[in-house]
Amino acid sequence: MPDAGAAQLVQLLTPEGERVEHPDFSLDIGAEELRALYRDLVLVRRVDTEATALQRQGELGIWASLLGQEAAQVGSGRAMAAQDYAFPTYREHGVAWCRGVDPLNLLGLFRGVNHGGWDPNEKNFHLYTSVIGAQTLHATGYAMGLQKDGSDGAVIAYFGDGASSQGDVNEAFTFASVFNAPVVFFCQNNQWAISEPIDKQSRIPLYQRAAGFGFPGVRVDGNDVLAVLAVTRAALQSAREGNGPTLIEAFTYRMGAHTTSDDPTRYRLNDDLESWKLKDPIERVKAHLSRNGLADQAFFETLEAESDDLAARVRKGCLDMADPGPLSIFDHVYADAHPLIDEEREQFAAYLDTFEGSEA
Amino acid sequence: MPDAGAAQLVQLLTPEGERVEHPDFSLDIGAEELRALYRDLVLVRRVDTEATALQRQGELGIWASLLGQEAAQVGSGRAMAAQDYAFPTYREHGVAWCRGVDPLNLLGLFRGVNHGGWDPNEKNFHLYTSVIGAQTLHATGYAMGLQKDGSDGAVIAYFGDGASSQGDVNEAFTFASVFNAPVVFFCQNNQWAISEPIDKQSRIPLYQRAAGFGFPGVRVDGNDVLAVLAVTRAALQSAREGNGPTLIEAFTYRMGAHTTSDDPTRYRLNDDLESWKLKDPIERVKAHLSRNGLADQAFFETLEAESDDLAARVRKGCLDMADPGPLSIFDHVYADAHPLIDEEREQFAAYLDTFEGSEA
Amino acid sequence: MTQITLAKGVNMGLRKAMEADPKVLVMGEDVGKLGGVFRVTDGLQKDFGEDRIIDTPLAESGIVGTAIGLALRGYRPVCEIQFDGFVYPAFDQIVSQLAKMRARALGKVALPVVIRIPVGGGIGAVEHHSESNEAYFAHTAGLRVVACSNPVDAYFMVQQAIASDDPVVFYEPKRRYWEKADLDESLTLEAATPLHRARVMREGNDVTIAAYGPMVKTALEAATAADEEGKSLEVVDLRSLSPLDMPTLRESVRRTGRLVVVHEAPVFLGMGAEVAARVTEECFYSLEAPVMRVGGFDTPYPPSRVEEDYLPDLDRILDAVDRSLAF
Amino acid sequence: MTQITLAKGVNMGLRKAMEADPKVLVMGEDVGKLGGVFRVTDGLQKDFGEDRIIDTPLAESGIVGTAIGLALRGYRPVCEIQFDGFVYPAFDQIVSQLAKMRARALGKVALPVVIRIPVGGGIGAVEHHSESNEAYFAHTAGLRVVACSNPVDAYFMVQQAIASDDPVVFYEPKRRYWEKADLDESLTLEAATPLHRARVMREGNDVTIAAYGPMVKTALEAATAADEEGKSLEVVDLRSLSPLDMPTLRESVRRTGRLVVVHEAPVFLGMGAEVAARVTEECFYSLEAPVMRVGGFDTPYPPSRVEEDYLPDLDRILDAVDRSLAF
Ligand SMILES: Cc1ncc(C[n+]2csc(CCOP(=O)(O)OP(=O)(O)O)c2C)c(N)n1
Ligand SMILES: Cc1ncc(C[n+]2csc(CCOP(=O)(O)OP(=O)(O)O)c2C)c(N)n1
Ligand SMILES: [Mg+2]
Ligand SMILES: [Mg+2]
């Protein structure tokens, strides 16, 4: 994994949509693949927008928007091979998309019908983890398992800039480094941890943390899907080849509120937002496609329609989602029989029966 | 705080007792001060030897020997100013000595008559902390307090190579760095965490961890009391001047067992021990003093006698130590009155009274 | 008289304490400009500055660990834990350091640290945001644990907690943050009920209901409903979970002969277990029925769409009352 | 028949489990060449290699967190926590991740992780090396918590814990590590008492003593002493703390009418609270006296020179028996 260029932000596509070269990271990519990436970016943003709307309408309890982070997520998500495994935070809707997880699965959690509930092993995409940083250790352990199995899979552990301060994340760095585990630590530095700017977490760029643990760190333009793809591929490849972990800092910006419960006007000014709008991860790919004749009007129109369909499906699926029954509380707490759970389930069922037909 | 020379082990006195220069760290030191350091080294080793003997004779439950780490502890301990504050692990008997804490205070803990019990504020030496790493956060918080007070004091947080893996230690690095706290992280890398060699904690030299958090790290010859003194003084001064934390890795070797309960023959060979014997922290100062005529036979003889007296006093003090009474269990749990404690104390006193005069 | 919410009560209490003692600090995640995710520290940083209202790195062990260091230096830090489910990374610092350091030092240091925790469910939140973990801390010697249930108590109790020279875990019932009550600001701290005293919120003769935090309101509603059925419930707000105010509980139970303990936390080894065991031992001959416990089930806190089934409500309390009366 | 110590029992049980299933791993601090500070993993690394007996970095959260990841990959990790007082840095990973992940995944993942903890006092150790923290984990839904009290149980129970698809906190009474008993190695796991079943260790008629882990031996000694005074004590080894084996307890208490619960942990919200509350509810009309609790005091574990006063002993158990009989 090249470390040399790390001092500089790796970029392969400028905000204006121009391809640029980087001494350490290159990407050979055809028109079709570019269009596919663009499609991913557009669709994940559309799912996100729809989810935000659903929350406003009371259909979701909360939503953590990925707005502005589409490239970081699609770039890294598309860098993964089938046998690779992702451990997300609560914001990796774009990665979920790339892994083939149905957006409706994500919505269940935010609607409050479950705490996750998709089968992590079906798409090699672990459940969302909301305790900050905890999943980086699971990812490391999983990677240690891959290593023991002699598998050629690798793992990506997602986390935020705020999470870099948690003990768990730093312990994950130590374990991964000492055991040379095939794991890529992918930090989306969106520059905010709720209301706290990045300087409350670190006084130096985050990618430099890796050197302190003995593995390479790279800062990539997190709004550049091509650069993220190239850098993540290289890091996964490096892990696969037995070179151990890499830290990728995807430098980006949280364009929306932390979640729909948050009110960013209390703690940040509009200026930054305006300047980051010019770095939009989708616009630059669109500009690149258009300017170079890599996609025609029909492509954009078809995508628009697909996007509308997806949004409609997500909306309908959300509204159709059944609430869990009261006795589901007792399900899946244990794999094996458990007398206390059985007793409580039985008593509660009997108690609920007393209301049968009554109004209470 | 100079960082440039960090790649190299800072040394000012060779194992053969020769003074050498270092581009970044220098020390102007007279004969008297040198003799005083030598005296410290000899006396702390003597206390340690006596404590080990007391443990063997059943007078202490356990003892954690500092054998081999005298220079790291005396050098750093003597670098501190009166207003500075130390947060030790469980092995900093040499630092305690430099702060003026009576060795008998330390013995109380290992004998089992208390869990510490000296007044930390009397000598600015906190209680021993045995939960690995926890004290580094206390040290950082204390340093933040000094900063708020506008004090010109600084703090030293001691910890071991094993401790570097704990989340708490890395969180301390983050807090200290972000708040620019006047704290020196002093890691005695004695190359073992009980039976685990340093490569189970890190694949690169530990001093490099600091750079990942945005502050300087220095590796110093931990068996060279002069180098440790110079480097620690510089780090404390840097902290005092508002430049924030420094990590010092004192590269040394645990010459004895982890504690008297440990059996190192199960996990390490004698070879390393033999080569480290040649780097003994006391012998090199003795050689330097003798060879340069900085101390005469009378000095060494007087010190020998003082050492014997100290050992005798420690032994007698240990044997004379009174066991705590049963009702002491309830003391000092809370500052203010507490009905449950009061009730239990009363009931237990009444219960004990029933045995009065009986044989039970 | 000012009408305040419970959140405002804590806010005003913090302000009072900070005005009275320059050593009082507030630290935590997002407590500064944002005023905390529940706005409990709203406006404090503007008035007291970044030096006293400290936005920390995102690390709970770091928050509590550095608070301990600040306390050793003479400060009185109030740590905000953003949600109940996020206190566990600080568990070691709380139970091994904060709780034990004074005894370790034979009384030579004091640890006046307050850990504020918004607690419990009922707000439709996602996982980890609705937990009730008071039993962990109440089982830990060296800590004091209290829970406020209303705006006026919130105002006084947070000040008392800060004034305590012992570490205090201070629970705020998050779904009651917006409940309102009138506060007489002219009342002094000295006039307030002592921190570790329970309070009879409603007198009754048939069954005693002991609750705390968010469940006090539910218990009072149950008492009103029971009244209509001719059952007279006495409601005791425990307020202090460690230590427990046994005299108040004893007096009530000896009179009514029956006790139902209510909390959101799982029943197994929840506070109800201790209250039941202790009251039974001290009031054995007065009890006409075993102490009944109404609490969360012994499962992880469920998804929000089913939390109303998980949480004790009026009906489940009345059911327990009936079961008690049936003995 | 082989005579083994309790430590050897765990060691042999681990070996059996590792031989039977290549997915079983042991991980922790100093578990390799040293064989752990109590030599429980002695010889295992030599036979199973560094890949399966893993010396980890010194970080408990890291140990449990990576064990969870390994479990997700299909391994069955057995984590050794060096001493009871050092499990707290892993608390978040245990209660928020290990305990809850299966429910979070609607049953789609299993977390067969065992956390071995040498527990309790009586060995003259310094602070943090003598704690009894089972109540924290027993209060946590999603975990199973067991405690062995003798060499034969140690051997079988550790294998059963490893075989469980649920996470198990496995307590080993450290001051009983050197107690000896005969093991019939020809017995299979299937023939052993199920993991979550309590066991009547000695039959009696007057008072039931419920104990677990290190206190079982003490309770049996108390029973012998009581016998001489003409009091017949029944001793139940709870073995499983979560879930509790209520049928066995109920049957005993309904017969004797009296119960004393004994543990080293502080009484306030200790296991005794739950046992007392539950037994009282289920056996209200059979109880002639309130359930008595004998445990550690509600203070931090004291310095070793006074630990014999802190720990429940034969006399304190007999005192509780007398108090029970006096009702
Ligand atoms: C241990 C823990 N503490 C606090 C929280 C509350 N919390 C949720 S998200 C968040 C900020 C996270 O910031 P960052 O890691 O940068 O990720 P981002 O939300 O920006 O994607 C906080 C403090 C939590 N979930 N877990
Ligand atoms: C949190 C925690 N885990 C485990 C232990 C047990 N333990 C005591 S000392 C030690 C090794 C410490 O190694 P190091 O940090 O290098 O310090 P040294 O003993 O070499 O001075 C261990 C694992 C502990 N005290 N605290
Ligand atoms: Mg962020
Ligand atoms: Mg060491």
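A 6.0 Å sphere centred on CZ of C/Arg197 holds no more than 12 heavy atoms belonging to other residues, nucleotides or ligands.
Only the side chain of C/Val95 comes within less than 4.5 Å of a heavy atom in chain D; its backbone stays farther off. At a 4.5 Å heavy-atom cutoff, D/Glu282 makes no contact with chain C through either its backbone or its side chain. C/Arg323 touches chain D through its side chain: at least one heavy atom from C-beta onward sits under 4.5 Å away, while N, CA, C and O do not. Of the two parts of C/Phe297, neither the backbone nor the side chain holds a non-hydrogen atom closer than 4.5 Å to a non-hydrogen atom of chain D. Both the backbone and the side chain of C/Val267 have a heavy atom closer than 4.5 Å to some heavy atom of chain D. Within the 4.5 angstrom heavy-atom criterion, only side-chain atoms of D/Tyr285, from C-beta onward, approach chain C. With a 4.5 angstrom heavy-atom cutoff, C/Arg278 touches chain D via backbone and side-chain atoms both. In this structure, chain D has a heavy atom under 4.5 Å from the backbone of C/Leu241, while its side chain stays farther away. Heavy atoms closer than 4.5 Å to chain D are found in the backbone of C/Glu288, but not in its side chain. Neither the backbone nor the side chain of C/Ser61 comes within contact range of chain D; no heavy atom of the residue lies under 4.5 Å from a heavy atom of that chain. At a 4.5 Å heavy-atom cutoff, the contact between D/Ala103 and chain C is made by side-chain atoms alone.
The candidate with the highest count of non-hydrogen atom pairs below 4.5 Å against chain D, out of C/Ala141, C/Ala265, C/Pro243, is C/Ala141. Highest contact tally toward chain D, considering only C/Phe91, C/Tyr88, C/Phe327, C/Tyr301, is held by C/Phe91 [criterion: heavy-atom pairs under 4.5 Å]. Ranking D/Ser242, D/Cys283, D/Ala99, D/Gly270 against chain C, the residue ahead of the rest is D/Gly270, based on heavy-atom pairs under 4.5 Å. Your options are D/Pro300, D/Pro290, D/Pro302, and the one with the most heavy-atom pairs under 4.5 Å with chain C is D/Pro290. Interface remark: of the candidates C/Ala135, C/Gly142, C/Ala276, C/Ala135 forms the most heavy-atom pairs closer than 4.5 Å to chain D. The most heavy-atom pairs under 4.5 Å with chain C, out of D/Glu274, D/Arg104, D/Glu131, come from D/Glu274. Among D/Val87, D/Thr140, D/Asn133, D/Val291, the residue making the largest number of heavy-atom pairs under 4.5 Å with chain C is D/Thr140. For the options C/Glu60, C/Met292, C/Arg293, C/Gln93, heavy-atom pairs under 4.5 Å to chain D are most numerous at C/Arg293.
When all heavy atoms of D/His128 and C/Ser96 are compared, the pair lying nearest together is CE1-O, 3.8 Å.
Distance check: D/Asp92 CG to C/Asp92 CG gives 12.5 Å after rounding to the nearest 0.5 Å.
Using a 4.5 Å heavy-atom threshold, the side chains of C/Leu269 and D/Met271 count as touching. Put simply, the side chain of C/Phe268 reaches to within 4.5 Å of the side chain of D/Leu244, judged on heavy atoms.
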**Q.** Stepwise ring-ring contact (aromatic ring centres under 6.0 Å, His included) check, D/His139 with C/Tyr136
**A.** CA-CA 8 Å; D/His139 180 54; C/Tyr136 295 138; 5.5 Å; yes

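Comment: D/Lys100 does not engage C/Glu127 in a salt bridge, judged by the lack of any side-chain N to carboxylate O separation of less than 4.0 angstrom.
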